[in-house]
Colleague: 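Have a look at the structure that comes next, please.
The structure presented is a predicted model; accordingly, all values stated were derived computationally and were not measured.
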Amino acid sequence: MLSGVKIGKKKAKTKKSLLKEPPEHSLKQVNPISNTDSNDNLAVAEKLRRSLASGDTRILEERSASRPLDMIGKREVVSGNSGHSGNSVVVVKSTAAQKAEEDMTAAELAMEERKSSMSLDEQMIRNAVRVGKKRRRTGGNDDSDEELERMKRLLPHSSNKSEKSAGKAMHREQHRQVDQHFQQEKVTSKCAWWVESRSFSKHRLLALGNHVSLVMAPPNSSLVPGHHFYMVPIKHASSFVECDDDSVWDEVRRFHTALSNMYAAKRKGIIMCETVLPNKSFWQTKMDVIAVPFSVLQDAPMFFKSSMVEQSEEWGTHNKVMQVRSTKPLKSVVPKRGFPYFYVEWGNVSTSQNTGYVQLIEASGFRHDFGIDTLSSMMDLDPIRFNRKKQFSHEEERQNIASFLESWKKVDWTTQLD
């Protein structure tokens, strides 16, 4: 019995001590509030409680007239013992805080962006946080392509990588163009018949059109010195088939007609031939133009066809000799650009309905002077390769050029050009 009574007294003492000492968690919540602020909050809370209990709303009207209603908005009740048992502390907190960024409109976000002076890294972090919040609100875990691309654009290093790769590609292309230019210049420097070549001899230039030039062949490369010429495109071209401009072929026809009229009084005709070899893309092409007697001109179709058929085994499988006519020019016969071929033209003769022949070349060992060698056999002359080491006087070459120019004045059509 006595032990039971003692235990009851202890329990009663414990209850009284609990009433005297407030809990720690309630003290922690009240401590941050100062005495002045707590008295103000209690006064406001008491007025609100009394006015709401009596049904009087004048205090709300007075508060709304003095400041916006949203300043009164939220109430937080803090439980604890502040000297008056049973009373609750009402803390009025302001709700005029700024909106969350995810709730802002586009105009508000733009305004905040202009006001802030964040660095690029800070903006990147903020954008990444926005995307994460949006994903959490939508509850979607699927990474769509559009979202991945948007997230990649937020990262600054992705654009830098693309810019670096584009810069490297441009740098490689520039190096390739420079190497190609030096390689082309190295090859064309050996083309002594081209006006743009460093090895070109200006005194051999006979006539200059807008697209084609007429050049005297060197004596040691001429079948008949003084009567062997080159027609060369002014722009670089590896073959006449590559010349897309029809004006090039128009000037070729005008040169051919003028030379034919000039040599007709001497009972001679004009034969033209072009040899385009494989793997010579940087080589400047030229058309050999040779003045031959009428008898050789009449026999040219038969001689060239037989020679081309005999050499067909060296040229590969394309042993067919294709005909060229005024209605079927060279460009319509050769299949495409970059195709090596041999082309010969004698013009209009009574012994043939064609104006020339063309045959494709596949053998790399094809002779580049095949057409000139065929003409030399027809005219009982030595091949020009026998004369390449032969020395010719410059005076003889100047006399040949002066003689040609004297006859060329009568048929020179280039003087009519602007």
Side-chain angles (χ1 to χ4, degrees), residues 180 183-184 186-188 190-194 197 212 215 217 221-223 228-233 235-244 248-249 252 256 270-290 292 299-326 328-347 352 354-379 383-386 388:
Q180 184 177 359
Q183 186 178 1
Q184 179 177 345
K186 182 180 178 180
V187 174
T188 54
K190 302 176 183 179
C191 302
W193 53 86
W194 188 30
S197 177
V212 181
V215 181
S221 300
S222 299
L223 184 62
H228 190 160
F229 318 102
Y230 298 144
M231 279 195 288
V232 187
K235 292 184 179 180
H236 181 267
S238 59
S239 67
F240 273 89
V241 175
E242 288 190 0
C243 300
D244 293 328
V248 174
W249 280 101
V252 169
H256 182 270
I270 299 297
I271 290 181
M272 301 189 305
C273 59
E274 180 191 13
T275 305
V276 180
L277 298 176
N279 303 323
K280 296 291 184 181
S281 57
F282 296 127
W283 202 259
Q284 176 68 12
T285 189
K286 68 179 186 300
M287 186 87 71
D288 287 274
V289 182
I290 304 100
V292 297
D299 296 338
M302 180 182 62
F303 267 82
F304 273 99
K305 186 174 183 179
S306 61
S307 298
M308 293 165 76
V309 171
E310 289 176 1
Q311 297 294 329
S312 60
E313 294 182 358
E314 295 186 13
W315 301 351
T317 57
H318 294 278
N319 54 3
K320 182 180 178 181
V321 178
M322 293 174 283
Q323 300 175 354
V324 177
R325 300 176 183 176
S326 58
K328 190 179 179 182
L330 176 64
K331 292 179 65 175
S332 62
V333 176
V334 176
K336 62 180 180 180
R337 294 183 178 183
F339 235 92
Y341 61 87
F342 170 74
Y343 168 69
V344 60
E345 180 178 344
W346 48 81
S352 177
N354 306 316
T355 58
Y357 290 134
V358 62
Q359 190 168 25
L360 303 181
I361 300 172
E362 288 188 351
S364 58
F366 182 80
R367 302 194 313 272
H368 68 278
D369 53 358
F370 168 78
I372 306 301
D373 288 346
T374 303
L375 281 175
S376 64
S377 62
M378 292 175 62
M379 300 172 66
I384 59 174
R385 60 179 177 270
F386 293 170
R388 283 178 183 159

Colleague: Would you give the length of the straight line joining atom OG of Ser238 to atom CG of Leu277, rounded to the nearest 0.5 angstrom?
Modeller: 11.0 Å
Colleague: How many angstroms lie between atom CG of Asp369 and atom CG of Leu375, to the nearest 0.5 angstrom?
Modeller: 11.5 Å
Colleague: Answer whether the closest heavy-atom distance between the side chains of Thr285 and Phe240 falls below 4.5 Å.
Modeller: yes
Colleague: Indicate the atoms forming the closest heavy-atom contact of Asn354 with Arg325, along with that distance.
Modeller: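 Closest approach of Asn354 to Arg325, heavy atoms only: OD1-NE, 2.9 Å.
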Colleague: Taking the ring centre of each residue, are Trp194 and Tyr230 less than 6.0 Å apart?
Modeller: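 Distance test on ring centres: not under 6.0 Å, no.
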Colleague: So Val276 and Ile361, do their side chains get closer than 4.5 Å, heavy atoms only?
Modeller: no
Colleague: Could you pull out all residues at least two apart from Ser197 that satisfy side-chain hydrogen bond (donor to acceptor under 3.5 Å, both in side chains)?
Modeller: Ser199
Colleague: To check you understand the geometry: which heavy-atom pair defines the closest contact between Met308 and Val358, and what is its length?
Modeller: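 Smallest interatomic distance, heavy atoms only, reads CE-C, 4.1 Å.
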Colleague: More than 12 foreign heavy atoms under 6.0 Å from NZ of Lys305: is that the case here?
Modeller: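 No, the 6.0 Å shell around NZ holds no more than 12 heavy atoms from other groups.
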Colleague: Pairing donors with acceptors under 3.5 angstrom, does anything connect the side chains of Ser239 and Glu274?
Modeller: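 No, no side-chain donor-acceptor contact under 3.5 Å.
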Colleague: Is any side-chain heavy atom of Val212 closer than 4.5 Å to a side-chain heavy atom of Met287?
Modeller: no
Colleague: Examine distances only and state if a side-chain atom of Trp193 and a backbone atom of Gln284 form a donor-acceptor pair shorter than 3.5 Å.
Modeller: yes
Colleague: Which heavy atom of Ser221 sits nearest a heavy atom of Ile384, and at what distance?
Modeller: O-CD1, 4.0 Å
Colleague: Looking at every non-hydrogen atom in both residues, tell me the closest pair between Ile271 and Ala300 and how far apart they are.
Modeller: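 So the minimum-distance heavy-atom pair works out to CD1-CB, 3.8 Å.
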Colleague: Any side-chain heavy atom of Tyr343 sitting closer than 4.5 Å to one from Val334?
Modeller: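 A side-chain contact is absent here, since even the closest heavy-atom pair is not under 4.5 Å.
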Colleague: Do you know the tightest heavy-atom contact between Lys331 and Val241?
Modeller: CE-O, 4.2 Å
Colleague: Supply the atom-to-atom distance Ile270 CD1 to Trp346 CH2, rounded to the nearest 0.5 angstrom.
Modeller: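 So the CD1 of Ile270 and the CH2 of Trp346 are separated by 15.0 Å.
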Colleague: Looking at OG1 of Thr374 and CD of Glu310, how far apart are the two atoms once the value is rounded to the nearest 0.5 Å?
Modeller: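 It is 9.5 Å, given to the nearest 0.5 Å.
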Colleague: Within this structure, what is the CE-NZ distance for the pair Met322 and Lys328, rounded to the nearest 0.5 Å?
Modeller: 8.5 Å
Colleague: Side chain of Ser307, backbone of Phe304: donor and acceptor closer than 3.5 Å?
Modeller: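 Flag not set: sc Ser307 to bb Phe304 has no pair under 3.5 Å.
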Colleague: Could you tell me which non-hydrogen atom of Pro383 sits nearest to which non-hydrogen atom of Ser376, and how far apart they are?
Modeller: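 Minimum heavy-atom contact is CA-OG, 4.1 Å.
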Colleague: For the residue pair Glu345 and Val324, establish whether any side-chain heavy-atom pair is separated by less than 4.5 Å.
Modeller: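 No, side chains not in contact.
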Colleague: So, taking the atom named CZ in Phe342 and the one named CD in Gln311, what distance separates them when rounded to the nearest 0.5 Å?
Modeller: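 That separation rounds to 10.5 Å.
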Colleague: Working note: Phe339 + Leu360, criterion side chain to side chain contact (heavy atoms under 4.5 Å, CB included); need CA distance, chi angles, decisive distance, verdict.
Modeller: CA-CA 7 Å; Phe339 235 92; Leu360 303 181; 3.6 Å; yes
Colleague: Side-chain contact test, heavy atoms from C-beta onward, threshold under 4.5 Å: evaluate it for Ile372 versus Ile290 and give yes or no.
Modeller: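 Touching, per the 4.5 Å side-chain cut-off.
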